[in-house]
**Student:** 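Input: one structure, supplied below.
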Amino acid sequence: MAGSRTENAAKNLKVAVICKLGLFGMAFVARTVFIRILGAEYTGVSSLYSNLLNLLNLAEFGFGSVLTYELYKPLKEDDEETITALVALFKRVYLIVIAVVLGFGLLLIPFLGVIVKSDLNSGDLLIYYLLYLLNSVIGYFVAYRTVVIEADQKRYIENLIDIGSKFVMYLCQTVYIVFTKDFLGYLILQTIFTVLRNVTMYGVSLKMYPYLRKLPRKQSISEDSRKRIYSNSRSMFITKLSNVVLNQTDSIIISILFGTVMVGYYSNYFMLVTYILSIYAIVFSSIEASVGNLNVDADSEKSFRIYKRLDYMLFCTNLICTVVFLCVVQDFIGIWIGEKYRQSFLLVISLLFTFYLQCAMNITSTFRQTMGLFVVTKRVYPAMAALNVVLSVIFGRQIGIAGVALATGVSRLLTSFWYEGKYVYLKMGHRLGEYIRRQAGFFLVLFITGMISYYICSRLSMTGISAVLIKGLVSLFIAIAALAVTGFRTEEWEWMVQRIRSVLERRG
């Protein structure tokens with residue numbers, strides 16, 4: 001396809017980050033208005049239903065990642081026959097996915113009374129849930145076409161449409177909430193814009209790939225290929241399901257243990273973390289196809305060299321985000337929505353521990369998927385998910401909602417964090433011990449930098465916006481200084497500095 005891996009990845013990343021930052025601004029305004037007008041009760045219901053439906057969605061059953069991997073080669077070779085055959089297969093699978101998600105969603109209705117502990121009218125709560133379910137199912141109707149755009153390194157087009165539609169949606173929802181204070185209409189607007197987004201994506205995909213207008217009705221994929229796809233999909237399904245259980249059950253457990261209103265308090269902190277994670281998701285989805293092509297073309301040593309560079313750049317970003325968030329979040333919550341919404345500092349620590357581990361695995365997981373290593377995680381991920389549920393209940397009863405958040409990080413650390421690293425390193429001709437030493441060194445730098453930054457910032461006697469700005473700048477300076485001291489003269493540091501310098505030079 002047109003353009004080099006680097007050019008396509010850069011374009012995907014540039015468009016996605018710029019648009020996403022604009023979207024975050026609008027989403028933040030919408031969230032602020034929502035909390036201030038409707039309060040913690042509705043915030044808790046909204047967050048709970050979102051997580052509940054994400055759990056039902058099972059992250060596309062893992063089939064999307066497998067098909068993306070299968071499409072790399074035929075797209076590179078312009079093999080339209082294979083592409084249409086794969087898309088046709090994907091379409092048939094997604095019709096089953098839609099039926100399964102809708103069916104399980106409806107079967108969950110009798111259990112809502114156990115999960116949702118709210119003073120809101122039960123009839124209204126049911127209607128809200130059905131609208132969330134409908135919005136979730138609608139999103140699957142064009143997924144089998146958008147995956148071609150992603151595999152072809154054109155994800156920036158999908159991001160533009162997705163972000164543009166959401167920006168207008170947030171604007172309309174904000175205006176609607178201000179004038180009506182009506183949660184039902186807010187959800188109806190969400191569903192309408194999801195439909196509009198899907199119709200737009202459908203039209204764009206047909207314009208970009210006109211040969212997808214006519215998909216074969218009969219099975220035209222070889223038996224071996226079909227078996228491989230279904231085998232990888234089953235393995236990826238287990239991985240994705242376990243990840244969803246790991247990341248989406250916290251709100252459900254908090255609602256059952258402490259009440260749905262506490263989900264509202266927790267979700268304000270979690271939302272800020274999620275915004276950062278969304279930027280990470282854009283970055284890694286933008287480079288995934290390029291990494292996939294790299295792993296098809298290059299030898300293992302070159303892949304390992306690129307892996308270390310990207311992993312180090314990721315660590316630098318993680319350290320800065322974690323340290324700054326640690327030092328400013330409590331002041332920011334107080335300014336943003338009021339002192340009554342502040343939670344314990346232990347919750348901040350727990351969320352950041354979980355956040356760091358999840359982000360630290362981004363490069364490893366990207367390489368694992370693009371290497372086709374779908375089967376290796378099918379045992380460890382269910383163990384991780386089960387451990388998370390058990391620890392969430394135990395820790396939650398012992399130390400409150402902070403314990404539920406902490407359990408997610410502990411479960412990941414004890415299972416997938418080292419297990420995925422082991423197989424990715426082995427695939428590139430290296431050992432698990434090397435991976436562990438590298439990650440332990442990164443975490444030690446983070447821990448020391450975080451302690452120093454928080455100690456200094458806690459000694460600054462100021463409040464309000466000035467506290468957020470000054471503490472943010474101080475912690476940012478300390479984080480950058482720590483990276484410069486620990487990374488100076490390493491190959492990864494010099495590569496990253498050179499990349500930054502070349503970008504600045506191109507900007508004049």
Side-chain angles (χ1 to χ4, degrees), residues 41-65 90-118 120-144 146-147 162 165-166 169 173 183-199 201 233-234 236-256 260 263-264 267 270 274 381-382 385-386 388-389 392:
E41 192 80 50
Y42 280 100
T43 304
V45 170
S46 175
S47 299
L48 177 62
Y49 281 169
S50 295
N51 286 324
L52 196 59
L53 268 300
N54 284 336
L55 183 61
L56 283 177
N57 287 339
L58 305 181
E60 293 188 317
F61 284 66
F63 200 84
S65 298
F90 195 38
K91 179 181 179 180
R92 288 190 289 271
V93 170
Y94 255 65
L95 290 176
I96 300 174
V97 170
I98 291 170
V100 171
V101 171
L102 184 60
F104 275 104
L106 294 175
L107 288 174
L108 194 61
I109 290 176
F111 303 97
L112 289 180
V114 178
I115 299 172
V116 183
K117 303 291 181 63
S118 173
L120 299 176
N121 180 274
S122 58
D124 291 340
L125 288 171
L126 175 59
I127 294 173
Y128 301 153
Y129 173 76
L130 290 174
L131 282 171
Y132 271 101
L133 177 61
L134 176 62
N135 187 72
S136 178
V137 170
I138 289 172
Y140 285 119
F141 280 97
V142 297
Y144 68 95
T146 58
V147 74
D162 188 49
S165 63
K166 285 184 178 178
M169 180 190 73
Q173 286 179 317
F183 186 48
L184 179 61
Y186 175 93
L187 295 180
I188 292 173
L189 282 172
Q190 177 177 279
T191 304
I192 291 172
F193 275 95
T194 300
V195 173
L196 292 175
R197 183 260 184 197
N198 285 354
V199 170
M201 280 302 306
S233 296
R234 283 193 296 270
M236 199 63 187
F237 165 73
I238 295 172
T239 299
K240 291 292 187 179
L241 170 60
S242 303
N243 249 328
V244 170
V245 171
L246 180 74
N247 296 317
Q248 303 297 336
T249 53
D250 285 1
S251 293
I252 298 171
I253 293 172
I254 290 172
S255 180
I256 294 172
T260 304
V263 178
S267 66
F270 186 72
T274 301
Y381 269 71
N388 175 58
V389 173
S392 291

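Source: prediction; values computed, not measured.
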**Student:** Checking the side chain of Ser255 only, and the main-chain atoms of Ser251 only, is there a donor and an acceptor separated by less than 3.5 Å?
**Tutor:** no
**Student:** Should Asp250 and Phe270 be marked as a side chain to side chain contact (heavy atoms under 4.5 Å, CB included) after you check the CA-CA gap, both sets of side-chain angles, and the distance that decides it?
**Tutor:** CA-CA 10 Å; Asp250 285 1; Phe270 186 72; 5.6 Å; no
**Student:** For the residue pair Ile256 and Val114, what are the closest heavy atoms and their distance?
**Tutor:** CG1-O, 3.9 Å
**Student:** Can you tell me how far the CD1 atom of Ile138 sits from the CD atom of Gln190, to the nearest 0.5 Å?
**Tutor:** 9.5 Å
**Student:** What closest approach, in Å, do Gly264 and Ser267 show between heavy atoms, and which atom pair accounts for it?
**Tutor:** O-OG, 2.9 Å
**Student:** Measure the CG-CD1 distance between Leu187 and Ile192 for me, rounded to the nearest 0.5 Å.
**Tutor:** 11.5 Å
**Student:** Judged by atom type as modelled, is there a donor-acceptor pair below 3.5 Å linking the side chain of Asn135 to the main-chain atoms of Leu131?
**Tutor:** no
**Student:** Out of curiosity, Leu133 CG to Leu106 CG, how far, rounded to the nearest 0.5 Å?
**Tutor:** 5.5 Å
**Student:** Atom CD1 in Ile252, atom OG1 in Thr260: separation rounded to 0.5 Å?
**Tutor:** 11.0 Å
**Student:** For Leu52 and Leu112, run side chain to side chain contact (heavy atoms under 4.5 Å, CB included): C-alpha distance rounded to whole Å, both residues' side-chain angles, the deciding distance at 0.1 Å, then the answer.
**Tutor:** CA-CA 10 Å; Leu52 196 59; Leu112 289 180; 4.1 Å; yes
**Student:** Roughly how far, to the nearest 0.5 Å, is CG of Leu130 from CG of Leu125?
**Tutor:** 11.0 Å
**Student:** Between Tyr128 and Phe183, is the gap from one ring center to the other below 6.0 Å?
**Tutor:** yes
**Student:** Would you sort out whether Val116 and Tyr129 count as a side chain to side chain contact (heavy atoms under 4.5 Å, CB included), showing the intermediate values?
**Tutor:** CA-CA 11 Å; Val116 183; Tyr129 173 76; over 6 Å; no
**Student:** With a sphere of 6.0 Å drawn around NZ of Lys91, does it hold more than 12 non-hydrogen atoms of other residues, nucleotides or ligands?
**Tutor:** no
**Student:** Side chains of Ser46 and Tyr132 only: does a donor on one sit below 3.5 Å from an acceptor on the other?
**Tutor:** yes
